[in-house]
Amino acid sequence: MTAERSRAAAGPIGFGQRGRILPYAAVAFAACSWGTWALWLRRAETMGPMPSALESAIVMAVITAGSGVAMFRDRSRRPASWRARGWVLWLGVSDALNLLFFFAAYRIMISVSVLAHYLTPALVAVASPIALRERVTPRTLLAVVVSVAGLAVMVGRSDAAADARVVWASASLGAASAVFYASTVVTNKFVIDEFTTSEAMFWHGVVATAVLAACVPLDAWGAIEPRPTLYLAAIAIWPGALAGLVFLWALRRMPATHASTLTLLEPLVAVLTAGAVVGEALGARALVGGAMILGGSLLVMTQSPARAEPRASTSPATSDF
């Protein structure tokens, strides 16, 4: 982990050095991959009905299996304390709820849900002074105000493109996922020194998979159809496990603020594909509100590292599965 922090603190690699572009391209690939999640979920749903909890459990199980394989080469040399293990337990619960709310929001409006989900950096900025005793800057306060105001604008009233109740439902679920995703970002701070990245991903994934499985209605287990289940499990390898591992590989080789900013490609891809493939249109208020939310995220992500940047592996951009 010391080497990881050193690389993150060192800043971008010089223009003339080999491999400068590859980490940036890897983060862009991961972010764009995450932006396609809703399309694959919609495709799986056309093959057979499946509750959001079951979709989430399948995806989390695949991601956990992938991190379990990676853990064989990425192990801590000393056992973690019970306190750190307790935080990993909560990490699993919060990530499970993050995924559950996010996938449920996707079913309503893809674009609104992913934009509301990007309240995460603002929520982390609010929680960090309380949980981590980090300094609050005027820039942080401005980012929080802009982001929250953007959400208010988005759901303020009915738009010509979408009914207000639909927008409100999608934005509420997206914001709920942002709350729990922010919790995972903050909680990671308490486990980073005692668990490697792969260990934290695997053990919290075991807990998250169990939580999500418990949320699946009993009758849904008996109605599982093999085709959509296998399809979703196969797809989870790409925007889930593979994109996550690629992102973490790149994060060790570039500044965390740069990686965080590049993840704004995720909502861009999600909004564009929702319009082009699904035919989902956004009205003027939703577009303005979404732009304000992303603007607030950008304000947080581009702060001076000395003041508020999280450690490389715990930035708000950490694998958005």
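All values below were derived from every heavy atom in this structure, side-chain atoms included, with hydrogens, water molecules and symmetry-related copies excluded. Model, not experiment: these values are computed from the prediction.
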**Q** For the pair S111 (side chain) and V271 (backbone), establish whether a donor and an acceptor sit closer than 3.5 Å, ignoring hydrogens and angles.
**A**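 The answer is no, because no donor-acceptor pair under 3.5 Å joins these two groups.
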
**Q** Is the closest side-chain heavy-atom distance between V88 and F195 below 4.5 Å?
**A**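 They are in side-chain contact.
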
**Q** Should V207 and L91 count as side-chain neighbours, where that means a heavy-atom distance under 4.5 Å?
**A**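 Of all side-chain heavy-atom pairs linking L91 with V207, none is under 4.5 Å.
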
**Q** Examine V179 and W168 and state if one hydrophobic cluster contains both, with Ile, Leu, Val, Met, Phe, Trp and Tyr joined whenever side-chain heavy atoms are less than 4.5 Å apart.
**A**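 Yes; W168 is reachable from V179 via cluster members.
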
**Q** Between W37 and F102 (judged by ring centroids, cut-off 6.0 Å), do the two rings come close enough to count as a pair?
**A**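 No.
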
**Q** Who are the salt bridge (Lys or Arg N to Asp or Glu O under 4.0 Å) partners of R43, not counting sequence neighbours?
**A**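 For R43, no residue satisfies salt bridge (Lys or Arg N to Asp or Glu O under 4.0 Å) once neighbours in sequence are set aside.
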
**Q** Taking all atoms of both residues into account, what is the closest heavy-atom pair of A70 and S198, and its distance?
**A**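 Where A70 meets S198 most closely, the heavy atoms are CB-OG, 3.6 Å.
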
**Q** Determine all donor-acceptor pairs shorter than 3.5 Å in which one atom belongs to a side chain in residues 51-61; sequence neighbours excluded.
**A**
{"residue": "S52", "atom": "OG", "partner": "R107", "partner atom": "NE", "Å": "2.8"}
{"residue": "E55", "atom": "OE2", "partner": "R107", "partner atom": "NH2", "Å": "3.3"}
{"residue": "S56", "atom": "OG", "partner": "S52", "partner atom": "O", "Å": "2.8"}

**Q** Just grab all the ring-ring contact (aromatic ring centres under 6.0 Å, His included) pairs involving residues 38-73, residues at least two apart or on different chains.
**A**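 The answer is W40-W238.
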
**Q** Go through the steps for Y181 and V124 under the test side-chain contact (heavy atoms from CB on, under 4.5 Å), then give the verdict.
**A** CA-CA 9 Å; Y181 187 38; V124 171; over 6 Å; no

**Q** Can you name the closest pair of heavy atoms from S113 and Y106 and give their distance?
**A**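 So the two residues come closest at OG-CD2, 3.4 Å.
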
**Q** Would V148 end up clustered with L151 when hydrophobic side chains under 4.5 Å apart are linked, directly or stepwise?
**A**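 V148 and L151: separate clusters.
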
**Q** Find out whether L294 and P267 are in side-chain contact, i.e. whether some heavy atom of one side chain is under 4.5 Å from a heavy atom of the other.
**A**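 Sidechains of P267 and L294: in contact.
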
**Q** Please round to the nearest 0.5 Å and tell me the distance separating atom CE of M109 and atom CG of L115.
**A**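 One finds 9.5 Å between CE of M109 and CG of L115.
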
**Q** Check whether any side-chain N or O of T64 sits under 3.5 Å from a backbone N or O of G205 as a donor-acceptor pair, and report yes or no.
**A**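 Indeed, once roles are kept as given, a pair shorter than 3.5 Å links the two residues.
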
**Q** Do E266 and Y118 touch side chain to side chain, with heavy atoms closer than 4.5 Å?
**A**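 E266 vs Y118: side chains touch.
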
**Q** Any chance you could measure L41, atom CG, to F103, atom CZ, to the nearest 0.5 Å?
**A**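 Interatomic distance, L41 CG to F103 CZ, rounded to 0.5 Å: 5.0 Å.
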
**Q** Quick check: are there more than 12 heavy atoms from other residues, nucleotides or ligands sitting under 6.0 Å from CZ of R165?
**A**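 At most 12 heavy atoms, drawn from other residues, nucleotides or ligands, come within 6.0 Å of this atom.
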
**Q** Could you walk me through whether L242 and V246 satisfy the side-chain contact (heavy atoms from CB on, under 4.5 Å) test, starting with their C-alpha distance in whole Å, then the side-chain angles of each, then the deciding distance to 0.1 Å, before giving a yes or no?
**A** CA-CA 6 Å; L242 179 60; V246 166; 4.1 Å; yes

**Q** Side chain of S170, backbone of V166: donor and acceptor closer than 3.5 Å?
**A**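 Such a contact is absent between S170 side chain and V166 backbone.
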
**Q** Find the distance between CE (M201) and CG (D95) and round it off to the nearest 0.5 Å.
**A**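 So the gap between those two atoms works out to 9.5 Å.
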
**Q** Indicate, with yes or no, if I63 and I237 share a hydrophobic cluster defined by side-chain heavy-atom contacts under 4.5 Å among Ile, Leu, Val, Met, Phe, Trp and Tyr.
**A**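 In one cluster with I237: I63, no.
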
**Q** Evaluate the side-chain proximity of W203 to L89: yes if any heavy-atom separation is below 4.5 Å, no if none is.
**A**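 Not touching, per the 4.5 Å side-chain cut-off.
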
**Q** Using a 3.5 Å cut-off and no angle test, enumerate the donor-acceptor pairs between side-chain atoms of residues 220-234 and protein atoms at least two apart in sequence or in another chain.
**A**
{"residue": "T229", "atom": "OG1", "partner": "E225", "partner atom": "O", "Å": "2.8"}

**Q** In chain order, what residues pass the side-chain contact (heavy atoms from CB on, under 4.5 Å) check against E194, with sequence neighbours excluded?
**A**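 If we apply the side-chain contact (heavy atoms from CB on, under 4.5 Å) test to E194, skipping adjacent residues, the hits are A80, S81, A84.
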
**Q** Show your reasoning for whether side-chain contact (heavy atoms from CB on, under 4.5 Å) applies to W90 and H204.
**A** CA-CA 8 Å; W90 170 247; H204 103 267; over 6 Å; no

**Q** For L119 versus S147, what's the shortest heavy-atom pair and its separation?
**A**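 The answer is CD2-O, 3.6 Å.
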
**Q** Identify the two heavy atoms, one from A241 and one from V62, that lie closest to each other, and give their separation to 0.1 Å.
**A**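 Closest pair (atom of A241, atom of V62, distance): CB-O, 4.5 Å.
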
**Q** Compare every heavy atom of I293 with every heavy atom of A116, then report the nearest pair and how far apart it is.
**A**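 Of all heavy-atom pairs spanning A116 and I293, the closest is CA-CD1, 4.3 Å.
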
**Q** Under 4.5 Å between side-chain heavy atoms, hopping through other hydrophobics if needed: is there a path connecting L39 to V269?
**A**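 Different clusters: L39 never reaches V269 through Ile, Leu, Val, Met, Phe, Trp or Tyr contacts under 4.5 Å.
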
**Q** Please determine whether residues V126 and M292 belong to a single hydrophobic cluster, defined as Ile, Leu, Val, Met, Phe, Trp and Tyr linked transitively by side-chain heavy-atom distances below 4.5 Å.
**A**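 Shared cluster, no.
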
**Q** For R42, give me all partners under side-chain contact (heavy atoms from CB on, under 4.5 Å), at least two apart in sequence or on another chain.
**A**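 Only E45, I110, V278, E280 meet the side-chain contact (heavy atoms from CB on, under 4.5 Å) criterion with R42.
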
**Q** So how far is it from L264 CG to L298 CG, rounded to the nearest 0.5 Å?
**A**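 Reported value, rounded in 0.5 Å steps: 6.0 Å.
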
**Q** Evaluate L100 against C215 for side-chain contact (heavy atoms from CB on, under 4.5 Å), listing each step before the verdict.
**A** CA-CA 9 Å; L100 183 62; C215 294; 4.2 Å; yes

**Q** Looking at every non-hydrogen atom in both residues, tell me the closest pair between A208 and A96 and how far apart they are.
**A**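 Minimum heavy-atom separation between A208 and A96: O-CB, 3.7 Å.
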
